2 protein chains.
Amino acid sequence: MDGRGTAGLLYLREEEIRFAMELLFYGYRDFTAGPDAILAELGMGRAHHRVLYFVGRHPGITVSELLAILRITKQSLGRVLQPLIAGGYVVQSRGRSDRRQRLLSLTSAGEALERRLFESQRALLARAFRDAGGPAVEGFRKVMLGLLGAEARARVGLRVSGAGAPVAGKVA
Amino acid sequence: MDGRGTAGLLYLREEEIRFAMELLFYGYRDFTAGPDAILAELGMGRAHHRVLYFVGRHPGITVSELLAILRITKQSLGRVLQPLIAGGYVVQSRGRSDRRQRLLSLTSAGEALERRLFESQRALLARAFRDAGGPAVEGFRKVMLGLLGAEARARVGLRVSGAGAPVAGKVA
DNA sequence: CTTGATATGTCAACGACACTGACGTATCCG
DNA sequence: CGGATACGTCAGTGTCGTTGACATATCAAG
């Protein structure tokens, strides 16, 4: 299988690892470039995008849960959430069972902006998927899943349904 | 090469795209967590890591070239490069053909630190590769390569061939 | 050899985004 | 009632990026 019939299965040479590292570095940067440009025009940044994304993904999410996903402090979230609320992108509502909670949701303006940001990345990702092909996409998911820590894997695993068998991973 | 509009092979549902987005978000964060922790003890940050990495990767690199790779300003680089030089991790030497250039290389201390940071990520990546399997790794590379812009693709592409890699060869 | 471009360094100010620490308030729960 | 929890906020700090301006050494060309 491997060109050089060296070791049997997967010979993890350093070069191979460094290649992957650079793919992650350049890939992540180029993947976020589109939204970054859009947000810059609105005086917002990547942090705003993350909030819009996860609030859109989990309508009615609590502040605590959002903090856990983003792994930032409430002070950091506040700095970015306040403008989003003031700008009419996000609304708060008090929890019905627990009135201390402020459940977050997107307004229609928030949904529109999130959609715009999403489409920018969707286009790039869809092209990469199409060019790579179905089996490659499946491999991409497997490898990326292996990079996630236990917490993130659990979070993302909740919706892994259609993505095929999850990686056989030991979650230390 | 741009077969637009057909959903034949790969049905790019939104859910699938969002799943990949989250893999990239969580994956990149968890992938950088190891080095971040090591660097924090040394009073350094991710920017220092990137300089160590690429200087180690390209010994004798010019400042201009490093700036082009990182896509930051020389002021930003200076703030991070100066401590690395003062700390004995990086050395400068004047270019032999062009004495205006300051060619950058790692000292043995720099190599040791870079190696330590590398090993932290290598362990995680190697485990993810092993768990996912060879074909999955190949798919991972294909998809990630598709996310790179032309410039980054050319940059990493320079060593896809020269690596003598068991990588199946052509890209995309 | 002067002249203009290039490679690099640096000062100064600023912005985004994270942090810690501390305090205040509303609400839940036992 | 009283402690724990959910959230908000003020104040200060640090990393890492930016723009703008200016200095210096060196190259390359007329």
Side-chain angles (χ1 to χ4, degrees), chain A residues 25 28-29 32-33 35-55 60-87 90-105, chain B residues 25 28-29 32-33 35-55 60-87 90-105:
Chain A
F25 170 67
Y28 191 77
R29 185 180 64 183
T32 53
D36 284 353
I38 295 171
L39 291 158
E41 294 173 2
L42 300 171
M44 294 193 269
R46 207 172 289 181
H48 301 80
H49 186 190
R50 293 197 275 256
V51 170
L52 285 171
Y53 182 90
F54 285 108
V55 170
I61 191 175
T62 66
V63 170
S64 297
E65 176 61 10
L66 185 53
L67 289 176
I69 288 176
L70 298 175
R71 283 199 203 156
I72 59 175
T73 60
K74 59 179 173 180
Q75 295 90 328
S76 293
L77 176 61
R79 187 164 22 78
V80 92
L81 182 57
Q82 225 20 76
L84 285 172
I85 292 171
V90 173
V91 281
Q92 293 174 312
S93 66
R94 309 184 85 102
R96 64 284 131 190
S97 60
D98 185 340
R99 287 169 44 82
R100 291 172 302 178
Q101 297 175 334
R102 303 299 151 86
L103 308 184
L104 305 173
S105 304
Chain B
F25 170 67
Y28 191 79
R29 183 180 65 183
T32 53
D36 284 353
I38 295 171
L39 290 158
E41 294 173 2
L42 299 171
M44 296 194 268
R46 206 172 288 180
H48 301 80
H49 186 189
R50 292 198 275 257
V51 170
L52 285 171
Y53 182 89
F54 285 109
V55 170
I61 192 177
T62 66
V63 170
S64 297
E65 177 62 11
L66 185 54
L67 290 176
I69 288 176
L70 298 175
R71 283 199 204 156
I72 59 176
T73 60
K74 60 180 173 179
Q75 294 91 327
S76 293
L77 176 60
R79 187 161 24 76
V80 94
L81 182 57
Q82 229 13 81
L84 285 172
I85 292 171
V90 173
V91 281
Q92 293 174 314
S93 64
R94 312 184 83 102
R96 63 286 131 192
S97 60
D98 186 339
R99 286 170 44 82
R100 292 172 301 179
Q101 296 176 334
R102 300 298 150 87
L103 309 183
L104 305 172
S105 305

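Reminder, nothing fancy here: chain letters follow the sequence lines and each chain counts from 1. Quick caveat: nothing in here was measured; it's all calculated off a predicted structure.
- If S97(A) and T73(A) are placed on DNA chain C by their nearest nucleotide, the residue sitting closer to the 5' end is T73(A).
- Of the candidate nucleotides dT8(C), dC19(C), dA18(C), dC19(C) has the atom nearest to the side chain of Q75(A).
- Between R46(B) atom CZ and dG14(D) atom C1' the separation is 15 Å, expressed in whole Å.
- G45(B) comes within contact range of the sugar-phosphate backbone alone, with a heavy-atom separation under 4.0 Å but no base atom that close.
- In this structure, CZ on R100(A) lies 11.5 Å from CZ on R94(A), to the nearest 0.5 angstrom.
- Using a 4.0 Å cut-off, no side-chain N or O of R102(B) falls inside it from OP1 or OP2 of dT24(D).
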Next item on the list: Using the side-chain contact (heavy atoms from CB on, under 4.5 Å) rule, take I61(B) and L103(B) through it: C-alpha gap first, then chi angles, then the decisive distance, then the call.
Entry: CA-CA 5 Å; I61(B) 192 177; L103(B) 309 183; over 6 Å; no
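- For D36(B) and dC17(C), the CG to P distance is 18 Å, given to the nearest whole Å.
- Between the CG atom of L66(B) and the P atom of dG9(C) there is a distance of 11 Å, rounded to whole Å.
- Note: CG (L103(A)) to P (dG8(D)) measures 11 Å, nearest angstrom.
- When rounded to the nearest whole Å, the span between CG of L81(A) and C1' of dA18(C) equals 16 Å.
- For the pair L104(B) CG and dA7(C) P, the computed distance is 14 Å after rounding to whole Å.
- Residues V80(A) and Q101(B) each lie close to DNA chain C; by heavy-atom proximity, the contact nearer the 5' end of the strand is made by Q101(B).
- Note: CG (L70(B)) to C1' (dC16(D)) measures 12 Å, nearest angstrom.
- The two residues L104(B) and Q92(B) have their closest heavy-atom pair at CD2-CG, 3.6 Å.
- The side chain of R99(B) places no N or O atom within less than 4.0 Å of a non-bridging phosphate oxygen (OP1 or OP2) of dA7(C).
- With hydrogens and angles ignored, a donor-acceptor pair under 3.5 angstrom links the side chain of R100(A) to the base of dT5(D).
- Of the side-chain N and O atoms in H48(A), one or more sit less than 4.0 angstrom from OP1 or OP2 of dC17(C).
- Using the six-membered ring where Trp is involved, F25(B) and F54(A) have ring planes that are tilted, between 30° and 60° apart.
- Between R71(A) and dC17(C), a side-chain N or O to OP1/OP2 separation shorter than 4.0 Å is absent.
- Of all nucleotides listed (dT10(C), dC7(D), dG17(D)), dT10(C) comes nearest to the side chain of K74(B).
- Close to dT18(D), at under 4.0 Å from its OP1 or OP2, lies a side-chain N or O of S76(B).
- Atom CG in D36(B) sits 12.0 Å away from atom CE in M44(B) (nearest 0.5 Å).
- The nucleotide whose nearest atom lies closest to any side-chain atom of R50(A) is, among dT26(D), dC17(C), dG8(D), dC17(C).
- Here the side chain of D98(B) is nearest to one of dA7(C), dT19(D), dG9(C), namely dA7(C).
- A donor-acceptor contact closer than 3.5 angstrom is absent between the side chains of R102(B) and S93(B).
- In terms of polar N and O atoms assigned as donor or acceptor, the side chain of Q92(B) never comes within less than 3.5 Å of the base of dG9(C) in a complementary pairing.
- The nearest whole Å value for the distance from the CE atom in M44(B) to the C1' atom in dA18(C) is 19 Å.
- Side-chain to base pairing of R79(A) with dA18(C): one donor and one acceptor N or O lie within less than 3.5 Å of each other.
- The side chain of Q82(B) sits closest to dT10(C) out of dA7(C), dT10(C), dA18(C).
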